[in-house]
Amino acid sequence: MMSSNSANNLLDEALGFNDECGGGGGGLLLLIEDRVETSGAFILHHLIKRRLSSPNRPNDVVVFLSFAHPFSHYDRILRKMGCNLGVQKENKRFVYYDMLNLNYPVTDGEKGAEDLLLSVYGKIQKTVELCSSREGYKNSTIMIDDISLMEVALCGSSNLVLDFLHYCYSLATQFDCLVIILNHEDVYSTVDVPSPLLQMEYLANIVIKAEPLATGLATDVHGQLTVLNKGICQGSGCSKSKIRNFHFRVKENCVEYFYPGSRT
Amino acid sequence: MAAEAISRALRDGALEGEHAPALTIKDSIHAPLGAFVFDHILAQLSSNISSSKSQAQGIVLVAFARSPQFYAELLKSKANDAASLKKWLRIVDCYTDPLGWKSQLAESGIVSNRSTQNATTASLCKNARDLDMLFSSIVELGKEVIRETKGRFAVAIDSVSEILRHASISSAASLLSNLRSHDQVACLFWLFHSDLHEMKASSALEYISSMVACVEPISNTTNGKGMNSENLPLIEQNLGRGKFSVRFKRRNGRIRLMSEELHTEQMGINFVPAFEDYVTSQSLVPKVQFSLQLSEKERNDRAKVVLPFEHQGDGKPIQIYDGRRSVSESKTENKETNAEKMHVNEDSGRGEIIYIRDSDDEMPDSDEDPDDDLDI
């Protein structure tokens, strides 16, 4: 049984994140897919803490776009996990964009939505550029919570969301960033048109799915995580894709990860 | 082998009075190996171009899904140096700034106008929605790599799925069709993910193609059981191996199918002949009271049977008629038969049947069309 505080956490192992640098390398897109029964928000919180708590990376920045909750929500949760977001915000290490209060939803259609997106992207690029020019810079992280609400804010245009993600991805490859997005698997209909979630699965280097157990509800096990790590593909070669599956239990201040049947 | 046949067709290029050969590579999320196939085909064609073995004298690569730097590294790792690449490679960069956002931001001073290190000859596209402009860019760049007026260039598009996000299927089909019928295009190929589009879009793209290469999962995991530890090894297997089926559309309208397996490796992919899963094929045979398959012993005995007219016992090897006798061959044969006739006359009264089998042993109900090799 491994908690989120231990060095060899199952989730971090599956993500291929080296413990000493607190996170993966750059130029990656990580997609978290969850469902109503199994919220994947805890993964987001865990990754915020990992990216901000590494002593070897004092200048790395987390840019957080929130469409789902106010700052106080994340602050409260991360405090319980031993991370002070308020202080990090003051130190400009945690850059929080409150999308809830940013002219949303857009009233003048898709053109207005694209303009909004352009200005948001501009702010992100500026922040990342500034951060990358500082000494000792290693990685930045761009996080979006969550994609389905972002789509709502953009008048339902999943295409604009995908355009935005494409730009974030190319920024990530240029400046060695990690892009982390959360989306809900069960809000998309696959009856009429192919789901935009599929586009994101193609784009992502790592896909984490939080699903309920096949056997249904249980008190000791809250769900299962499947981590698909496609590996890095550069022009000169590719590493092998790996897939891992394990269970999780969300507790008050941490999350436990364990292989099925390993708990007594 | 299928992959080699594709490379040959692209290498040979367009015939006079015909549209250029066009290849569609399609995959799905359960077997997401299409990009590997695209890279492989690109590397093969590039190798033929750089050694002047192909009709195409250069290649215009339209990059949507991966950066120009990625492709430059890919081709350099296949023994091409930067100077050589500059001679025959051009890239339309629809990856860096496909909607012109970065340019707009740089113009308004919000961000710095820092361009990515461009070691390649990439031409930046700032409006991926304008397919007419894209067509003009491709043709313009293509003219830069051809050495003579009647020269031709190849076109590769790394994601038609991305084009279809920005434009309608009819505009996309029109772009591909116009490229295919352009008299300076030797061949073209593209990749798309079939599960991202409606059936009609996939069909439209396949109709424009003369070759369709489909990557499918080796193992079927979509059994509705969802994710569990039993499915996992199969899903992981599908990320590294796939079934590679190719449909070739011939000029006379006949379709030829070829199939093999592909395996991903660190430095690319490898194609191997399809492994006949004997157990699977056994399970597909309907369960009836009589035997529909041959046992091992029966197969061996069948192979040992000497056909009528072949057991002349004269020591000559068994010949198989190949259907195309050259003029010189028939002249030699005439001489021989004349000699034989004389011999026969000398032998007086001895009859002889000269039998040449017209094909190799074929299993019953074989789908092979015996006229498939004719090019009428």
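Since the structure is predicted, the reported quantities are computational estimates derived from the model, not experimental observations. Order of the sequence lines fixes the chain letters, A, B, ..., with proteins taken first and strands second; residue numbering starts at 1 for each chain.
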Contact origin within [X] toward chain B - heavy atom pairs under 4.5 Å:
X: Tyr202(A); result: both
X: Phe246(A); result: neither
X: Leu130(A); result: neither

Check: Do any N or O atoms from the side chain of Asn183(A) and from the backbone of Glu33(A) form a donor-acceptor pair under 3.5 angstrom?
Finding: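 Judged by distance alone, no pair lies under 3.5 Å.
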Next item on the list: Output yes when Arg165(B) and Asp163(A) qualify as a salt bridge under the 4.0 Å nitrogen-oxygen rule, no when they do not.
Entry: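 So Arg165(B) pairs with Asp163(A) through a salt bridge.
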Check: Which residues pass the side-chain contact (heavy atoms from CB on, under 4.5 Å) test with Glu206(B), sequence neighbours left out?
Finding: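 Per chain and number, Glu206(B) pairs via side-chain contact (heavy atoms from CB on, under 4.5 Å) with Lys26(B), Ser202(B), Val212(B), Arg247(B).
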Item checked: Residue selection (most heavy-atom pairs with chain A, distance under 4.5 Å) from Gln104(B), Glu265(B), Arg129(B), Glu162(B) ->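 Between Gln104(B), Glu265(B), Arg129(B), Glu162(B), the count favours Arg129(B).
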Checklist line | Heavy-atom proximity to chain A below 4.5 Å, by part of Leu196(B) | finding: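 Backbone plus side chain of Leu196(B), per the 4.5 Å heavy-atom cut-off to chain A.
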Checklist line | Engaged part of Ser28(B) at the chain A interface, taking heavy atoms whose separation is under 4.5 Å | finding: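 Both backbone and side chain.
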Note to self: Please give me the minimum heavy-atom distance between Ile91(B) and Ala63(B), naming the atom from each residue.
What the structure shows: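 Minimum heavy-atom separation between Ile91(B) and Ala63(B): CG2-CB, 4.0 Å.
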Checklist line | Check against salt bridge (Lys or Arg N to Asp or Glu O under 4.0 Å), Glu261(B) and Arg241(B) | finding: CA-CA 7 Å; Glu261(B) 266 185 34; Arg241(B) 285 171 64 193; 3.0 Å; yes
